[in-house]
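Written below as structure tokens is the structure these notes are about.
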2 protein chains.
Amino acid sequence: MRSPAELSTAFRERGLKVTPQRQLLFRVLHGNMTHPTAEALFATASELMPGISLRTVYQTLNDLAAMGELQVLHFASGSTRFDPNVVDHHHAQCDRCGDLRDVYVQRLDELQVHGFDGFASRRASIVFGGLCPACQSISDNNPT
Amino acid sequence: MRSPAELSTAFRERGLKVTPQRQLLFRVLHGNMTHPTAEALFATASELMPGISLRTVYQTLNDLAAMGELQVLHFASGSTRFDPNVVDHHHAQCDRCGDLRDVYVQRLDELQVHGFDGFASRRASIVFGGLCPACQSISDNNPT
DNA sequence: TGCTAATTCGCACGACTTGCAGATCACGGG
DNA sequence: CCCGTGATCTGCAAGTCGTGCGAATTAGCA
Ligand SMILES: [Mn+2]
Ligand SMILES: [Mn+2]
Ligand SMILES: [Zn+2]
Ligand SMILES: [Zn+2]
């Protein structure tokens with residue numbers, strides 16, 4: 001996702017207005033590495049602008065996603081997560097606490113895939129499952 | 001997922017009863033390559049056993065998943081899909097029609113991953129995006 | 001055959017997201 | 001700087017997907 005200033009320009013170019021609510025969300029999202037849900041963003045935004053509505057958060061997230069400024073991620077846990085990091089990357093999620101981190105994968109092209117049968121693959125998205133460092137130590141102390 | 005007969009035994013061993021509804025679902029799921037949703041299974045099951053409830057379908061799917069007989073898949077499209085193929089495999093999904101197919105990937109261990117930072121990866125799940133053969137010819141005729 | 005715990009089913013409810021409409025606001029033009 | 005107009009905001013209703021609940025039914029066992 002681009003900077004708040006660049007996004008403001010991009011919105012106006014599309015005939016979209018740059019409202020205080022949108023500017024706030026631009027700032028909250030920019031460089032955000034937490035892969036937040038709409039609810040989480042709403043909570044953060046509400047502290048800075050009491051009264052902002054959840055509906056507006058969804059609206060703006062959808063606009064940003066449509067402009068390719070956000071990646072939309074779907075995991076097991078109920079709700080959608082939004083990722084301002086649109087650089088080609090993948091994710092590692094902790095089985096225990098759900099923590100989600102970015103990982104960068106090289107040599108994807110060396111994978112040998114059977115079963116495409118004419119399927120034209122354009123992109124791959126990898127989710128690694130395992131335990132984050134914090135949950136590893138917990139598991140060490142309290143083995144299940 | 002094992003055969004209906006084996007599942008019946010496994011259910012009884014766990015103190016779960018083998019009802020006609022469950023037996024039907026065992027049969028509908030066994031060898032099913034469509035990655036069906038609960039609704040899709042309900043539709044198929046309803047033809048063979050009018051009156052079966054969607055609630056029972058969900059119940060049985062959850063039981064099977066808890067026993068490791070089904071994989072639970074979450075994609076962008078709204079609802080959960082269930083996969084009786086529990087052999088280690090991955091998926092390719094058509095961007096246009098949503099068709100989902102199994103693919104088998106080798107040399108996963110040769111991937112170079114940056115960003116784990118102590119994350120203990122135990123498993124990876126890859127989703128390839130692209131166009132299925134049918135949708136490729138449509139795109140050829142009607143380029144967007 | 002009879003007991004009992006498990007299951008089924010329908011409905012209500014919960015989580016998440018979108019549709020809707022009136023009040024409000026951003027912003028280009030005068 | 002002010003206006004007009006269309007985009008936006010907000011609260012609420014509604015939609016979708018899945019689960020909790022409880023009365024009636026049933027599988028499995030003695
Ligand atoms: Mn990310
Ligand atoms: Mn599969
Ligand atoms: Zn963790
Ligand atoms: Zn297709």
Side-chain angles (χ1 to χ4, degrees), chain A residues 4-5 7-26 28 35-67 70-83 98, chain B residues 4-5 7-26 28 35-43 45-46 48-67 70-83 98:
Chain A
L7 290 175
S8 295
T9 302
F11 265 56
R12 290 204 184 89
E13 281 174 357
R14 288 199 164 210
L16 302 176
K17 295 181 177 175
V18 177
T19 66
Q21 290 88 346
R22 284 177 175 174
Q23 293 179 65
L24 171 60
L25 290 167
F26 293 168
V28 172
H35 303 90
T37 62
E39 287 284 353
L41 287 166
F42 174 60
T44 302
S46 293
E47 292 176 10
L48 302 168
M49 182 186 284
I52 190 174
S53 87
L54 178 58
R55 191 67 186 79
T56 298
V57 174
Y58 273 109
Q59 177 74 256
T60 302
L61 289 170
N62 288 341
D63 289 341
L64 286 167
M67 295 169 64
L70 285 183
Q71 227 184 115
V72 180
L73 304 175
H74 300 270
F75 293 92
S77 62
S79 47
T80 305
R81 307 181 77 151
F82 296 87
D83 193 348
Chain B
L7 290 176
S8 295
T9 303
F11 265 56
R12 291 203 183 88
E13 283 173 356
R14 288 198 163 209
L16 301 177
K17 295 180 177 177
V18 177
T19 65
Q21 290 88 341
R22 285 176 173 173
Q23 294 179 66
L24 171 60
L25 289 167
F26 294 168
V28 172
H35 303 89
T37 62
E39 286 285 352
L41 286 166
F42 174 61
S46 292
L48 302 167
M49 181 186 284
I52 190 174
S53 88
L54 178 58
R55 189 69 186 79
T56 297
V57 173
Y58 273 111
Q59 177 74 258
T60 301
L61 288 170
N62 288 341
D63 290 340
L64 286 166
M67 294 169 65
L70 285 183
Q71 229 185 114
V72 181
L73 304 176
H74 301 270
F75 293 92
S77 60
S79 48
T80 305
R81 308 181 73 150
F82 297 88
D83 193 348

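Heavy-atom basis, side chains included; hydrogens, waters and symmetry copies ignored. Just so it is clear: chains get the letters A, B, ... in the order the sequence lines come, proteins before strands, and each one is counted from 1.
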>> Classify A:Thr56 by what it touches in the nucleic acid, base, sugar-phosphate, or nothing, heavy-atom distance under 4.0 Å.
In response: base

>> Looking at every non-hydrogen atom in both residues, tell me the closest pair between A:Val57 and A:Ala38 and how far apart they are.
In response: CG1-O, 3.8 Å

> Does B:Arg22 use its side chain to pair, donor to acceptor, with the backbone of B:Thr60 at less than 3.5 Å?
Replying inline: no

> Once you round it to whole Å, what is the distance between P of D:dC29 and CD of B:Glu13?
Replying inline: 12 Å

> Contact class for A:Glu39 (heavy atom, under 4.0 Å): base, sugar-phosphate, or nothing?
Replying inline: nothing

>> Both B:Arg12 and A:Gly51 contact DNA chain D. Which one's nearest nucleotide lies toward the 5' end?
In response: A:Gly51

> Can you check side-chain contact (heavy atoms from CB on, under 4.5 Å) on B:Val28 and B:Leu48, steps first, answer last?
Replying inline: CA-CA 10 Å; B:Val28 172; B:Leu48 302 167; 4.1 Å; yes

> Hey, does the side chain of A:Arg22 come within less than 4.0 Å of D:dT8's phosphate (OP1/OP2), counting only N and O?
Replying inline: yes

> Mind checking which nucleotides bracket the chain B contacts on DNA chain C, 5' to 3', with an atom under 4.0 Å from a heavy atom?
Replying inline: C:dA5 to C:dG10

> Near DNA chain C, which residues from residues 42-49 of chain A have a heavy atom under 4.0 Å away?
Replying inline: none

> Does A:Leu73 offer a backbone N or O that forms a donor-acceptor pair with the side chain of A:Arg81 under 3.5 Å?
Replying inline: no

> In terms of the nearest nucleotide of DNA chain D, which residue is placed more toward the 5' end: B:Phe82 or B:Leu16?
Replying inline: B:Phe82

>> Measuring from the side chain of A:Thr19 (C-beta onward, heavy atoms only), which nucleotide among D:dC17, D:dC9, D:dA27 has the closest atom?
In response: D:dC9

> Rounded to the nearest Å, what distance is computed from the CZ atom of residue B:Arg14 to the P atom of nucleotide D:dG28?
Replying inline: 16 Å

> Between D:dC9 atom C1' and A:Ile52 atom CD1, what is the distance in whole Å?
Replying inline: 9 Å

> Mapping B:Arg55 and B:Phe11 to their closest nucleotides on DNA chain C, which lands nearer the 5' end?
Replying inline: B:Phe11

> Which part of the nucleic acid does B:Thr37 contact within heavy-atom distance under 4.0 Å: base, sugar-phosphate only, or nothing?
Replying inline: nothing

> Separation of B:Lys17 atom NZ from D:dT26 atom P, in whole Å?
Replying inline: 11 Å

>> Between A:Thr37 and A:Thr80, is the side-chain contact (heavy atoms from CB on, under 4.5 Å) condition met? List the steps.
In response: CA-CA 6 Å; A:Thr37 62; A:Thr80 305; over 6 Å; no

> So, B:Ser46 side chain and B:Phe42 main chain: donor-acceptor pair closer than 3.5 Å or not?
Replying inline: yes

>> Working note: A:Leu7 + A:Leu64, criterion side-chain contact (heavy atoms from CB on, under 4.5 Å); need CA distance, chi angles, decisive distance, verdict.
In response: CA-CA 9 Å; A:Leu7 290 175; A:Leu64 286 167; 4.2 Å; yes

> To the nearest Å, how far apart are B:Leu54 CG and D:dC17 P?
Replying inline: 10 Å

>> Minimum heavy-atom separation for A:Met67 and A:Ala10, please, with both atom names.
In response: CE-CB, 3.8 Å

> Among B:Asn62, B:Asp63, B:Leu61, which one satisfies side-chain contact (heavy atoms from CB on, under 4.5 Å) with B:Leu70?
Replying inline: B:Leu61

> Just to confirm, is there a sub-4.0 Å distance from OP1 or OP2 of D:dG18 to any side-chain nitrogen or oxygen of B:Thr80?
Replying inline: yes

